There are 2 protein chains.
Amino acid sequence: MRNIRLDICYDGTRYRGWQRHPGIDNTIQGKLETALSRILEEEIEVFGSGRTDAGVHANGQVANFHCASDMPTEEILSQLRRYLPDDIGIYSCKEVSERFHARLNASNKTYCYRIWNSDTPCVFERRFMTVYPEKLDLEAMRRAAAHLVGEHDFGAFCANAKMKKSTVRTIYCLDIQKKGNEIRISITGNGFLRNMVRILVGTLLEVGRGERTAESVPSLFRSVRADAGFMAPPQGLSLMEVNY
Amino acid sequence: MRNIRLDICYDGTRYRGWQRHPGIDNTIQGKLETALSRILEEEIEVFGSGRTDAGVHANGQVANFHCASDMPTEEILSQLRRYLPDDIGIYSCKEVSERFHARLNASNKTYCYRIWNSDTPCVFERRFMTVYPEKLDLEAMRRAAAHLVGEHDFGAFCANAKMKKSTVRTIYCLDIQKKGNEIRISITGNGFLRNMVRILVGTLLEVGRGERTAESVPSLFRSVRADAGFMAPPQGLSLMEVNY
(Lines give C-alpha, C1' and ligand atoms only; values in the text may rest on other atoms or scores of the structure.)
Protein backbone atom coordinates (compact mmCIF):
# COMPACT_ATOMS: atom_id res chain seq x y z
CA MET A 1 0.00 0.00 0.00
CA ARG A 2 1.20 3.52 -0.80
CA ASN A 3 1.12 6.19 1.90
CA ILE A 4 0.14 9.71 0.75
CA ARG A 5 0.51 12.96 2.69
CA LEU A 6 -1.84 15.90 2.15
CA ASP A 7 -1.21 19.49 3.25
CA ILE A 8 -4.59 21.10 3.64
CA CYS A 9 -6.28 24.43 4.36
CA TYR A 10 -9.93 25.11 5.10
CA ASP A 11 -12.39 27.79 6.07
CA GLY A 12 -14.15 25.88 8.86
CA THR A 13 -17.15 28.22 9.07
CA ARG A 14 -19.75 25.87 7.64
CA TYR A 15 -18.28 22.57 8.91
CA ARG A 16 -18.97 20.47 11.97
CA GLY A 17 -15.22 20.18 12.53
CA TRP A 18 -12.53 17.83 11.25
CA GLN A 19 -13.78 14.49 12.47
CA ARG A 20 -16.20 12.34 10.51
CA HIS A 21 -19.33 11.24 12.41
CA PRO A 22 -21.87 8.71 11.22
CA GLY A 23 -24.85 10.49 9.68
CA ILE A 24 -23.17 13.92 9.56
CA ASP A 25 -22.19 15.02 6.11
CA ASN A 26 -20.32 18.26 6.62
CA THR A 27 -16.99 17.41 8.24
CA ILE A 28 -13.59 18.03 6.67
CA GLN A 29 -12.47 14.41 7.11
CA GLY A 30 -15.75 13.23 5.61
CA LYS A 31 -15.42 15.51 2.55
CA LEU A 32 -11.85 14.32 1.94
CA GLU A 33 -12.69 10.64 2.36
CA THR A 34 -15.69 10.87 0.05
CA ALA A 35 -13.67 12.70 -2.64
CA LEU A 36 -10.65 10.37 -2.39
CA SER A 37 -12.76 7.19 -2.36
CA ARG A 38 -14.46 8.34 -5.56
CA ILE A 39 -11.25 9.43 -7.27
CA LEU A 40 -9.26 6.29 -6.36
CA GLU A 41 -12.23 3.88 -6.55
CA GLU A 42 -11.34 2.28 -3.22
CA GLU A 43 -12.40 2.90 0.38
CA ILE A 44 -10.06 5.60 1.79
CA GLU A 45 -9.56 6.46 5.46
CA VAL A 46 -7.87 9.81 6.13
CA PHE A 47 -5.79 10.36 9.30
CA GLY A 48 -5.50 14.01 10.36
CA SER A 49 -2.79 15.46 12.61
CA GLY A 50 -5.62 16.18 15.04
CA ARG A 51 -9.25 17.21 15.17
CA THR A 52 -10.30 20.79 14.79
CA ASP A 53 -13.61 21.85 16.38
CA ALA A 54 -16.70 22.96 14.48
CA GLY A 55 -16.04 26.42 13.04
CA VAL A 56 -12.26 26.27 13.51
CA HIS A 57 -10.06 26.86 10.43
CA ALA A 58 -6.74 25.46 9.27
CA ASN A 59 -4.03 26.86 7.07
CA GLY A 60 -1.59 24.02 7.72
CA GLN A 61 -3.49 20.86 8.55
CA VAL A 62 -1.64 17.65 7.62
CA ALA A 63 -3.22 14.28 6.90
CA ASN A 64 -2.23 10.96 5.37
CA PHE A 65 -4.01 8.02 3.79
CA HIS A 66 -3.12 4.60 2.38
CA CYS A 67 -4.19 3.42 -1.05
CA ALA A 68 -3.61 0.56 -3.47
CA SER A 69 -4.14 2.73 -6.57
CA ASP A 70 -1.08 3.67 -8.61
CA MET A 71 -2.57 6.99 -9.76
CA PRO A 72 0.21 9.63 -9.85
CA THR A 73 0.06 12.11 -6.96
CA GLU A 74 -0.20 15.06 -9.43
CA GLU A 75 -3.36 13.48 -10.82
CA ILE A 76 -4.79 12.83 -7.34
CA LEU A 77 -4.06 16.49 -6.47
CA SER A 78 -5.71 17.91 -9.56
CA GLN A 79 -8.77 15.68 -9.21
CA LEU A 80 -9.08 16.50 -5.50
CA ARG A 81 -8.98 20.23 -6.29
CA ARG A 82 -11.75 19.68 -8.81
CA TYR A 83 -13.94 17.60 -6.44
CA LEU A 84 -13.58 19.55 -3.21
CA PRO A 85 -15.73 22.61 -2.36
CA ASP A 86 -14.01 25.99 -2.55
CA ASP A 87 -13.65 26.28 1.22
CA ILE A 88 -11.29 23.28 1.38
CA GLY A 89 -7.92 23.62 -0.40
CA ILE A 90 -5.07 21.19 -0.97
CA TYR A 91 -1.58 22.71 -0.98
CA SER A 92 0.24 19.48 -1.80
CA CYS A 93 -0.15 15.73 -2.24
CA LYS A 94 3.03 13.66 -1.89
CA GLU A 95 3.98 10.02 -1.49
CA VAL A 96 5.76 9.48 1.84
CA SER A 97 7.41 6.63 3.74
CA GLU A 98 5.01 3.94 4.93
CA ARG A 99 5.91 4.80 8.53
CA PHE A 100 4.56 8.36 8.32
CA HIS A 101 1.41 8.97 10.41
CA ALA A 102 0.01 12.52 10.50
CA ARG A 103 -1.11 12.32 14.14
CA LEU A 104 1.33 9.90 15.80
CA ASN A 105 4.46 11.48 14.28
CA ALA A 106 3.55 15.12 14.93
CA SER A 107 6.16 16.69 17.21
CA ASN A 108 4.56 20.12 17.61
CA LYS A 109 1.70 22.24 16.37
CA THR A 110 1.08 25.96 16.11
CA TYR A 111 -2.34 27.55 16.46
CA CYS A 112 -3.22 31.18 15.92
CA TYR A 113 -6.17 32.95 17.56
CA ARG A 114 -7.25 36.26 16.00
CA ILE A 115 -9.20 38.90 17.94
CA TRP A 116 -10.70 42.09 16.48
CA ASN A 117 -10.28 44.40 19.48
CA SER A 118 -12.42 47.30 18.29
CA ASP A 119 -16.02 48.26 17.65
CA THR A 120 -15.11 49.53 14.16
CA PRO A 121 -16.18 47.28 11.27
CA CYS A 122 -14.44 43.99 10.65
CA VAL A 123 -16.32 43.04 7.52
CA PHE A 124 -13.80 41.32 5.26
CA GLU A 125 -12.10 39.05 7.82
CA ARG A 126 -15.10 38.52 10.07
CA ARG A 127 -15.19 34.77 9.36
CA PHE A 128 -11.68 34.36 10.79
CA MET A 129 -11.78 36.73 13.72
CA THR A 130 -13.46 36.90 17.11
CA VAL A 131 -14.83 40.40 17.71
CA TYR A 132 -13.99 41.43 21.27
CA PRO A 133 -14.09 45.21 21.62
CA GLU A 134 -13.43 45.44 25.40
CA LYS A 135 -10.25 47.19 26.52
CA LEU A 136 -7.53 44.61 27.23
CA ASP A 137 -4.35 44.92 29.30
CA LEU A 138 -1.87 43.31 26.89
CA GLU A 139 1.02 43.50 29.35
CA ALA A 140 -0.94 41.50 31.94
CA MET A 141 -1.89 38.99 29.22
CA ARG A 142 1.79 38.62 28.27
CA ARG A 143 2.79 38.04 31.91
CA ALA A 144 0.08 35.35 32.16
CA ALA A 145 1.29 33.83 28.88
CA ALA A 146 4.83 33.55 30.27
CA HIS A 147 3.46 31.48 33.18
CA LEU A 148 1.77 29.08 30.73
CA VAL A 149 4.93 28.33 28.74
CA GLY A 150 6.69 25.09 29.73
CA GLU A 151 5.66 21.59 30.77
CA HIS A 152 2.56 21.68 32.96
CA ASP A 153 -0.56 19.72 33.87
CA PHE A 154 -3.18 21.44 31.70
CA GLY A 155 -6.08 19.36 33.05
CA ALA A 156 -7.96 22.54 34.05
CA PHE A 157 -7.78 23.62 30.39
CA CYS A 158 -9.34 20.40 29.04
CA ALA A 159 -13.03 20.25 28.10
CA ASN A 160 -13.06 16.45 28.37
CA ALA A 161 -13.93 15.80 32.03
CA LYS A 162 -13.53 12.03 31.60
CA MET A 163 -9.96 12.33 30.27
CA LYS A 164 -8.17 9.29 31.71
CA LYS A 165 -4.75 9.79 30.09
CA SER A 166 -2.09 12.28 31.11
CA THR A 167 -3.03 15.92 30.82
CA VAL A 168 0.61 17.04 30.93
CA ARG A 169 1.63 19.00 27.84
CA THR A 170 4.45 21.37 26.91
CA ILE A 171 3.87 24.84 25.47
CA TYR A 172 7.02 26.01 23.70
CA CYS A 173 5.89 29.47 22.74
CA LEU A 174 2.91 31.71 23.51
CA ASP A 175 3.15 35.03 21.75
CA ILE A 176 0.69 37.95 21.84
CA GLN A 177 0.99 40.64 19.15
CA LYS A 178 -1.18 43.65 18.43
CA LYS A 179 -1.23 45.25 14.99
CA GLY A 180 -3.83 47.95 14.40
CA ASN A 181 -7.10 46.68 15.87
CA GLU A 182 -6.10 43.02 15.65
CA ILE A 183 -4.61 40.92 18.44
CA ARG A 184 -2.96 37.65 17.41
CA ILE A 185 -2.24 34.97 19.96
CA SER A 186 0.13 32.27 18.63
CA ILE A 187 0.60 29.07 20.59
CA THR A 188 3.09 26.30 19.81
CA GLY A 189 3.08 23.10 21.85
CA ASN A 190 3.80 19.39 21.66
CA GLY A 191 0.11 18.56 21.87
CA PHE A 192 -3.20 20.04 22.92
CA LEU A 193 -6.09 18.66 24.97
CA ARG A 194 -9.69 19.01 23.86
CA ASN A 195 -10.58 22.76 23.47
CA MET A 196 -7.31 23.60 25.27
CA VAL A 197 -6.32 26.48 22.97
CA ARG A 198 -9.75 28.10 23.24
CA ILE A 199 -9.76 27.77 27.05
CA LEU A 200 -6.22 29.21 27.23
CA VAL A 201 -7.36 32.17 25.09
CA GLY A 202 -10.49 32.65 27.25
CA THR A 203 -8.32 32.65 30.39
CA LEU A 204 -5.93 35.18 28.84
CA LEU A 205 -8.89 37.41 27.89
CA GLU A 206 -10.12 37.31 31.50
CA VAL A 207 -6.65 38.41 32.60
CA GLY A 208 -6.72 41.13 29.94
CA ARG A 209 -9.95 42.63 31.25
CA GLY A 210 -8.84 42.41 34.88
CA GLU A 211 -11.11 39.58 36.03
CA ARG A 212 -8.16 37.49 37.19
CA THR A 213 -4.49 38.33 37.71
CA ALA A 214 -1.56 37.05 35.66
CA GLU A 215 0.00 35.86 38.91
CA SER A 216 -3.00 33.60 39.69
CA VAL A 217 -2.52 31.59 36.49
CA PRO A 218 0.05 29.04 37.84
CA SER A 219 -2.46 27.90 40.49
CA LEU A 220 -4.59 26.54 37.62
CA PHE A 221 -2.03 23.75 37.01
CA ARG A 222 -3.21 22.10 40.23
CA SER A 223 -6.86 22.82 39.60
CA VAL A 224 -10.04 21.83 37.74
CA ARG A 225 -11.86 23.00 34.59
CA ALA A 226 -14.28 25.23 36.51
CA ASP A 227 -11.37 27.36 37.76
CA ALA A 228 -9.93 28.16 34.32
CA GLY A 229 -11.38 30.77 31.96
CA PHE A 230 -14.28 30.64 29.49
CA MET A 231 -13.92 28.85 26.17
CA ALA A 232 -13.26 31.46 23.46
CA PRO A 233 -15.47 31.02 20.36
CA PRO A 234 -14.19 28.88 17.48
CA GLN A 235 -14.12 31.34 14.56
CA GLY A 236 -10.96 33.13 15.71
CA LEU A 237 -8.94 29.91 15.80
CA SER A 238 -6.78 28.42 13.01
CA LEU A 239 -4.38 25.50 13.00
CA MET A 240 -1.35 27.06 11.31
CA GLU A 241 1.38 24.46 11.22
CA VAL A 242 2.21 20.88 12.16
CA ASN A 243 5.85 19.84 12.44
CA TYR A 244 7.30 16.33 12.25
CA MET B 1 -32.85 69.29 7.53
CA ARG B 2 -29.47 67.91 8.60
CA ASN B 3 -27.21 66.26 6.03
CA ILE B 4 -25.26 63.21 7.25
CA ARG B 5 -22.35 61.49 5.51
CA LEU B 6 -21.65 57.77 5.96
CA ASP B 7 -18.38 55.99 5.08
CA ILE B 8 -19.27 52.39 4.44
CA CYS B 9 -17.73 48.99 3.70
CA TYR B 10 -19.46 45.79 2.65
CA ASP B 11 -18.89 42.24 1.56
CA GLY B 12 -21.20 42.25 -1.47
CA THR B 13 -21.30 38.45 -1.86
CA ARG B 14 -24.89 37.92 -0.79
CA TYR B 15 -26.35 41.21 -2.07
CA ARG B 16 -28.09 42.18 -5.28
CA GLY B 17 -25.88 45.25 -5.47
CA TRP B 18 -26.08 48.75 -4.04
CA GLN B 19 -29.31 50.01 -5.53
CA ARG B 20 -32.68 49.47 -3.92
CA HIS B 21 -35.34 47.86 -6.15
CA PRO B 22 -39.02 47.49 -5.33
CA GLY B 23 -39.69 44.00 -4.00
CA ILE B 24 -36.01 43.08 -3.58
CA ASP B 25 -34.88 42.97 0.01
CA ASN B 26 -31.14 42.32 -0.19
CA THR B 27 -29.53 45.50 -1.52
CA ILE B 28 -27.05 47.63 0.41
CA GLN B 29 -29.06 50.83 -0.09
CA GLY B 30 -32.20 48.99 1.02
CA LYS B 31 -30.55 47.66 4.21
CA LEU B 32 -29.24 51.12 5.09
CA GLU B 33 -32.56 52.87 4.44
CA THR B 34 -34.52 50.31 6.46
CA ALA B 35 -32.11 50.57 9.40
CA LEU B 36 -31.94 54.38 9.34
CA SER B 37 -35.70 54.81 8.96
CA ARG B 38 -36.22 52.62 12.03
CA ILE B 39 -33.52 54.31 14.10
CA LEU B 40 -34.56 57.89 13.24
CA GLU B 41 -38.31 57.17 13.04
CA GLU B 42 -38.65 59.03 9.73
CA GLU B 43 -38.49 57.97 6.08
CA ILE B 44 -34.81 58.09 5.03
CA GLU B 45 -33.45 58.07 1.47
CA VAL B 46 -29.75 57.26 1.12
CA PHE B 47 -27.69 58.64 -1.79
CA GLY B 48 -24.63 56.58 -2.67
CA SER B 49 -21.57 57.80 -4.58
CA GLY B 50 -22.58 55.29 -7.23
CA ARG B 51 -24.10 51.86 -7.68
CA THR B 52 -22.06 48.73 -7.22
CA ASP B 53 -23.19 45.58 -9.08
CA ALA B 54 -24.50 42.43 -7.44
CA GLY B 55 -21.57 40.63 -5.80
CA VAL B 56 -19.23 43.65 -5.89
CA HIS B 57 -17.68 44.80 -2.59
CA ALA B 58 -16.75 48.19 -1.18
CA ASN B 59 -14.18 49.28 1.33
CA GLY B 60 -14.71 52.99 0.78
CA GLN B 61 -18.28 53.62 -0.35
CA VAL B 62 -19.63 57.04 0.61
CA ALA B 63 -23.29 57.98 1.02
CA ASN B 64 -25.36 60.80 2.48
CA PHE B 65 -28.90 61.26 3.75
CA HIS B 66 -31.08 64.06 5.07
CA CYS B 67 -33.00 63.86 8.33
CA ALA B 68 -35.06 66.03 10.65
CA SER B 69 -34.04 64.10 13.78
CA ASP B 70 -31.57 65.73 16.16
CA MET B 71 -30.10 62.39 17.31
CA PRO B 72 -26.31 62.83 17.80
CA THR B 73 -24.22 61.24 15.02
CA GLU B 74 -22.39 59.04 17.58
CA GLU B 75 -25.74 57.58 18.59
CA ILE B 76 -26.80 57.05 14.95
CA LEU B 77 -23.45 55.30 14.33
CA SER B 78 -23.71 52.98 17.30
CA GLN B 79 -27.34 52.09 16.55
CA LEU B 80 -26.54 51.50 12.86
CA ARG B 81 -23.70 49.14 13.84
CA ARG B 82 -26.14 47.26 16.05
CA TYR B 83 -28.88 47.02 13.39
CA LEU B 84 -26.84 46.20 10.28
CA PRO B 85 -25.79 42.63 9.38
CA ASP B 86 -22.13 41.75 9.90
CA ASP B 87 -21.30 42.02 6.19
CA ILE B 88 -22.08 45.77 6.13
CA GLY B 89 -19.86 48.05 8.23
CA ILE B 90 -19.95 51.77 8.97
CA TYR B 91 -16.57 53.47 9.40
CA SER B 92 -17.97 56.89 10.23
CA CYS B 93 -21.13 58.97 10.46
CA LYS B 94 -20.66 62.76 10.34
CA GLU B 95 -22.78 65.84 9.86
CA VAL B 96 -21.75 67.70 6.70
CA SER B 97 -22.69 70.88 4.84
CA GLU B 98 -26.16 70.82 3.30
CA ARG B 99 -24.56 71.14 -0.14
CA PHE B 100 -22.72 67.79 0.08
CA HIS B 101 -24.07 65.09 -2.28
CA ALA B 102 -22.25 61.74 -2.34
CA ARG B 103 -22.75 61.19 -6.08
CA LEU B 104 -22.88 64.67 -7.60
CA ASN B 105 -19.83 65.98 -5.72
CA ALA B 106 -17.56 62.97 -6.28
CA SER B 107 -14.46 64.08 -8.22
CA ASN B 108 -12.84 60.67 -8.62
CA LYS B 109 -13.15 57.04 -7.56
CA THR B 110 -10.73 54.17 -7.19
CA TYR B 111 -11.67 50.55 -7.80
CA CYS B 112 -9.49 47.51 -7.18
CA TYR B 113 -9.86 44.20 -9.01
CA ARG B 114 -8.16 41.17 -7.41
CA ILE B 115 -7.20 38.08 -9.41
CA TRP B 116 -5.86 34.81 -7.97
CA ASN B 117 -3.54 33.80 -10.80
CA SER B 118 -2.79 30.24 -9.70
CA ASP B 119 -4.41 26.84 -9.36
CA THR B 120 -3.19 26.55 -5.77
CA PRO B 121 -5.87 27.05 -3.10
CA CYS B 122 -7.35 30.48 -2.45
CA VAL B 123 -9.57 29.49 0.44
CA PHE B 124 -9.49 32.43 2.84
CA GLU B 125 -9.89 35.30 0.37
CA ARG B 126 -12.01 33.46 -2.18
CA ARG B 127 -15.01 35.75 -1.66
CA PHE B 128 -12.95 38.77 -2.75
CA MET B 129 -10.91 37.30 -5.57
CA THR B 130 -11.53 36.06 -9.11
CA VAL B 131 -9.66 32.80 -9.67
CA TYR B 132 -7.99 32.94 -13.08
CA PRO B 133 -5.11 30.47 -13.27
CA GLU B 134 -4.15 31.00 -16.95
CA LYS B 135 -0.69 32.34 -17.67
CA LEU B 136 -0.85 36.12 -18.23
CA ASP B 137 1.62 38.45 -19.96
CA LEU B 138 1.72 41.27 -17.40
CA GLU B 139 3.95 43.47 -19.54
CA ALA B 140 1.43 43.38 -22.41
CA MET B 141 -1.36 44.13 -19.92
CA ARG B 142 0.60 47.14 -18.62
CA ARG B 143 1.13 48.44 -22.18
CA ALA B 144 -2.61 48.10 -22.81
CA ALA B 145 -3.32 49.86 -19.50
CA ALA B 146 -1.14 52.82 -20.57
CA HIS B 147 -3.31 53.24 -23.67
CA LEU B 148 -6.46 53.36 -21.51
CA VAL B 149 -5.23 56.18 -19.28
CA GLY B 150 -6.49 59.64 -20.23
CA GLU B 151 -9.72 61.16 -21.52
CA HIS B 152 -11.41 58.81 -24.00
CA ASP B 153 -14.80 57.75 -25.28
CA PHE B 154 -15.38 54.53 -23.32
CA GLY B 155 -18.69 53.72 -25.05
CA ALA B 156 -17.36 50.28 -26.06
CA PHE B 157 -16.77 49.54 -22.35
CA CYS B 158 -20.35 50.38 -21.31
CA ALA B 159 -22.90 47.60 -20.75
CA ASN B 160 -25.82 50.02 -21.19
CA ALA B 161 -26.49 49.97 -24.94
CA LYS B 162 -29.17 52.68 -24.63
CA MET B 163 -26.80 55.16 -22.95
CA LYS B 164 -27.85 58.54 -24.33
CA LYS B 165 -25.46 60.76 -22.37
CA SER B 166 -21.75 61.25 -23.03
CA THR B 167 -19.58 58.14 -22.67
CA VAL B 168 -16.40 60.21 -22.38
CA ARG B 169 -14.56 59.60 -19.11
CA THR B 170 -11.04 60.19 -17.80
CA ILE B 171 -8.89 57.46 -16.28
CA TYR B 172 -6.17 59.03 -14.15
CA CYS B 173 -4.35 55.90 -13.15
CA LEU B 174 -4.44 52.21 -14.10
CA ASP B 175 -1.93 50.18 -12.18
CA ILE B 176 -1.25 46.43 -12.37
CA GLN B 177 0.74 44.80 -9.55
CA LYS B 178 1.59 41.17 -8.90
CA LYS B 179 2.44 39.95 -5.41
CA GLY B 180 2.80 36.21 -4.97
CA ASN B 181 -0.11 34.60 -6.79
CA GLU B 182 -2.28 37.70 -6.64
CA ILE B 183 -2.67 40.32 -9.37
CA ARG B 184 -4.24 43.63 -8.34
CA ILE B 185 -5.57 46.03 -10.92
CA SER B 186 -6.26 49.50 -9.50
CA ILE B 187 -8.22 52.01 -11.54
CA THR B 188 -8.83 55.65 -10.65
CA GLY B 189 -11.08 57.80 -12.84
CA ASN B 190 -13.46 60.73 -12.74
CA GLY B 191 -16.44 58.46 -13.35
CA PHE B 192 -17.32 55.01 -14.64
CA LEU B 193 -20.01 53.79 -17.04
CA ARG B 194 -22.15 50.74 -16.26
CA ASN B 195 -19.90 47.67 -15.79
CA MET B 196 -16.99 49.69 -17.23
CA VAL B 197 -14.37 48.49 -14.71
CA ARG B 198 -15.29 44.83 -15.23
CA ILE B 199 -15.18 45.22 -19.04
CA LEU B 200 -11.81 47.01 -18.82
CA VAL B 201 -10.48 44.14 -16.67
CA GLY B 202 -11.89 41.54 -19.10
CA THR B 203 -10.20 43.34 -22.00
CA LEU B 204 -6.89 43.46 -20.11
CA LEU B 205 -7.16 39.72 -19.36
CA GLU B 206 -7.68 39.03 -23.07
CA VAL B 207 -4.51 41.01 -23.78
CA GLY B 208 -2.74 39.08 -21.02
CA ARG B 209 -3.52 35.73 -22.55
CA GLY B 210 -2.63 36.88 -26.07
CA GLU B 211 -6.12 37.02 -27.56
CA ARG B 212 -5.73 40.68 -28.52
CA THR B 213 -2.71 42.97 -28.62
CA ALA B 214 -2.01 45.93 -26.38
CA GLU B 215 -1.62 48.04 -29.52
CA SER B 216 -5.17 47.23 -30.69
CA VAL B 217 -6.72 48.75 -27.56
CA PRO B 218 -6.91 52.40 -28.73
CA SER B 219 -9.12 51.34 -31.69
CA LEU B 220 -11.79 50.45 -29.09
CA PHE B 221 -12.36 54.17 -28.36
CA ARG B 222 -14.07 54.49 -31.76
CA SER B 223 -15.89 51.21 -31.43
CA VAL B 224 -18.87 49.32 -29.94
CA ARG B 225 -19.44 47.03 -26.94
CA ALA B 226 -19.07 43.83 -29.00
CA ASP B 227 -15.48 44.74 -29.85
CA ALA B 228 -14.28 45.16 -26.26
CA GLY B 229 -13.45 42.26 -23.92
CA PHE B 230 -15.63 40.04 -21.78
CA MET B 231 -17.09 41.30 -18.51
CA ALA B 232 -14.94 40.01 -15.64
CA PRO B 233 -16.98 38.45 -12.80
CA PRO B 234 -18.10 40.68 -9.90
CA GLN B 235 -16.45 39.01 -6.89
CA GLY B 236 -12.94 40.34 -7.64
CA LEU B 237 -14.10 43.97 -7.67
CA SER B 238 -14.15 46.43 -4.77
CA LEU B 239 -14.87 50.14 -4.65
CA MET B 240 -11.90 51.38 -2.60
CA GLU B 241 -12.16 55.14 -2.38
CA VAL B 242 -14.28 58.12 -3.39
CA ASN B 243 -12.73 61.56 -3.36
CA TYR B 244 -14.52 64.93 -3.19
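For the numbers below, each heavy atom of this structure counts, side chains included, while hydrogens, waters and symmetry mates do not. So you know, we letter chains A, B, ... as the sequences are listed, proteins then strands, and number each from 1. Predicted, not measured: the structure shown is a model, and the values here were computed from it.
Crowding of E211(A) atom CD: a count of heavy atoms from other residues, nucleotides or ligands under 6.0 Å exceeding 12. For R16(B), the CZ atom is loosely surrounded, since the number of other residues' heavy atoms within 6.0 Å does not exceed 12. For CD of E95(B), the number of neighbouring non-hydrogen atoms (other residues, nucleotides, ligands) closer than 6.0 Å is greater than 12. Heavy atoms of other residues, nucleotides or ligands lying less than 6.0 angstrom from CZ of R2(A) number more than 12. Taking a 6.0 Å sphere around CD of E43(B), one finds it holds 12 or fewer heavy atoms contributed by other residues, nucleotides or ligands.
Inter-residue side-chain proximity for D11(A) and R126(B) is flagged as met; some heavy-atom pair is nearer than 4.5 Å.
Atoms CZ and CG, on R127(A) and D87(B) in that order, are 10.0 Å from each other to the nearest 0.5 Å.
The two residues I88(B) and V123(A) come nearest to each other via the heavy atoms C-CG2, 3.9 Å. Nearest heavy atoms, I90(A) versus P121(B): O-CG, 3.2 Å. Taking every heavy atom of both residues into account, F124(B) and Y91(A) meet most closely at CE1-OH, 4.5 Å.
Of all the listed residues (N59(A), L77(A), L84(A), T120(A)), the one sharing the greatest number of non-hydrogen pairs under 4.5 Å with chain B is N59(A).
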